[in-house]
Amino acid sequence: MSDAADEITQGLASLGERFRADFASAANETALREARAQVLGKKGDLTALLKLMGKVPKEKKKDIGAAVNKVKGEVEEVFNARLTVLAEAERRADLNARPYDLTLPARSPNPSGHLHPLTRAKYDILDIFRSLGFEVGWGPEIELEDNNFTKLAFPPDHPATDMQDTFWVTVDGAARARTLLRTHTTSVQVRELLTRNPPLAVVSAGAVYRRDDDVTHSPMFHQVDGFMVGEDVSFAQLKGVLSAFARRLYGADAPVRFRASYFPFVEPGAELDIGCVFCEPGEARAKCRVCKSTGWLEVLGCGMVHPAVLEHCGIDSEKYTGFAFGLGIDRVAMLRYAIPDIRVLFDNDPRFLAQF
Ligand code: DAH
């Protein structure tokens with residue numbers, strides 16, 4: 001009579017031949033793992049035999065159990081050996097393969113890139129002022145307190161000079177000669193006026209730094225600042241130059257208005273607004289978040305150079321007058337390209353930059 005013990009013994013015998021042949025003919029790791037699952041998996045042959053163990057008479061259990069375990073061990077051994085052979089073959093094939101992959105997407109035919117949207121905005125702004133007769137100046141980003149604040153007639157305790165707003169530069173933990181990361185490019189006015197004689201019309205651009213960080217403020221951002229100083233320079237000239245500038249940048253029929261404002265280094269001071277480029281009067285304006293439904297966008301600060309600034313720079317304020325202005329480049333780029341978050345300008349994410 002063939003009892004469970006015999007059935008298992010026979011099963012092990014036929015299995016022994018089959019799995020070796022199956023493992024040897026498996027051409028890759030997936031096929032090999034499938035062949036192994038047919039033996040050791042839930043529905044595998046060896047698993048089926050194991051289920052018969054309960055029916056094996058007590059006195060034979062030990063021997064039969066040992067035989068099953070032996071085959072199980074062999075299955076693992078042969079499996080691992082074959083796995084190693086397949087892995088080595090795959091690695092060798094990989095090394096001998098062509099060093100390029102024809103299935104990869106092709107390179108763009110135009111990999112030369114383009115200017116960053118901020119650089120473009122900067123060049124456009126400088127070009128307009130250059131065409132109006134301004135020359136382009138330069139100043140450092142690490143600046144003296146004197147050029148950034150004091151000579152521009154900021155009182156010593158002005159809140160802008162506060163630790164909260166300004167990055168003060170320290171060396172070995174000590175404030176060095178009251179040095180800071182310039183908070184505006186207006187410091188270039190001081191450098192020019194200290195070293196050159198009027199008549200002067202100079203514009204400059206570059207990075208500035210403040211302790212600010214949110215959707216519309218970045219600790220580093222960019223400004224253009226300019227001024228014209230000479231005999232009889234008037235507020236009418238300020239209005240003419242800056243209106244022309246705004247219309248060249250935002251379109252010939254952009255509405256422009258001047259609004260009284262305050263900066264320590266000008267008197268009188270003003271801000272220039274342009275009509276909101278995102279909405280029309282009516283329902284759209286009521287919902288416009290960019291101009292906050294006012295219909296106006298702040299574009300730049302300006303004013304007549306304060307006589308104290310001229311005097312601090314050794315220029316006779318009885319003889320000379322001037323106007324000055326400053327604006328954010330980042331804001332120009334954000335308005336132009338409808339960019340809602342200033343921080344993406346500095347992330348260097350190609351998915352963003354490729355859109356310009
Ligand atoms: N420096 C000012 C700022 O950062 C902007 C500014 C206003 C510059 C008036 C000027 C000016 O030259 O005349 O907010």
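Predicted model only: the values in this text are computed from it and were never measured. Numbers for residues simply follow the sequence, beginning at 1. As a basis for the values below, the full set of heavy atoms in this structure was taken, side chains included, without hydrogen atoms, waters or symmetry mates. Just so you know, ligand 1 is whichever comes first in the structure, and atom 1 is the first atom listed for that ligand.
Checking only distances, Ala324 does come within under 3.5 Å of ligand 1, N or O to N or O. By the 3.5 Å distance cut-off applied to N or O atoms, Phe325 is counted among the residues near ligand 1. Note: no N/O pair closer than 3.5 Å links Thr183 and ligand 1 by distance alone.
Close contacts of ligand 1 with Asp225, meaning ligand atoms under 4.0 Å from a residue heavy atom, involve 8 (C), 10 (C), 12 (O). Proximity to Gln223 (heavy-atom distance under 4.0 Å) selects the following atoms of ligand 1: 3 (C), 4 (O). Listed by number with element, the atoms of ligand 1 under 4.0 angstrom from any heavy atom of Val266 are 13 (O). Near Gln189, meaning under 4.0 Å from one of its heavy atoms, ligand 1 places the atoms 12 (O).
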Output side-chain donor-acceptor pairs under 3.5 Å for residues 232-241, partner residues at least two apart or in another chain, one line each.
unit_1	atom_1	unit_2	atom_2	d
Ser234	OG	Ala236	N	3.3
Ser234	OG	Gln237	N	3.2
Gln237	OE1	Ser234	N	3.0

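Of the charged side-chain nitrogens involved, at least one lies within less than 4.0 Å of a carboxylate oxygen, so that Lys151 and Asp146 count as a salt-bridged pair. Here Glu74 pairs with Lys70 in a salt bridge; the nearest charged N to carboxylate O distance falls below 4.0 Å.
Using a 3.5 Å distance cut-off with no hydrogens or angles, the side chains of Ser204 and Arg191 do not pair a donor with an acceptor.
Partner Ile64 forms a side chain to side chain contact (heavy atoms under 4.5 Å, CB included) with one of Leu49, Asp6, Ile8 and no other, that one being Ile8. Paired with Glu298 under the rule salt bridge (Lys or Arg N to Asp or Glu O under 4.0 Å), one option of Arg259, Arg331, Lys292 passes, and it is Arg259.
At a 4.0 Å cut-off, at least one heavy atom of Arg210 sits close enough to ligand 1 to count as contact.
Atom 2 (C) of ligand 1 has its closest protein heavy atom at Phe265 CZ, 3.9 Å.
Counting only residues at least two apart or on different chains, the ring-ring contact (aromatic ring centres under 6.0 Å, His included) pairs with a member in residues 19-59 are Phe19-Phe23.
Compare Gly328, Gly326, Gly269 by their heavy atoms: the one nearest to atom 6 (C) of ligand 1 is in Gly326.
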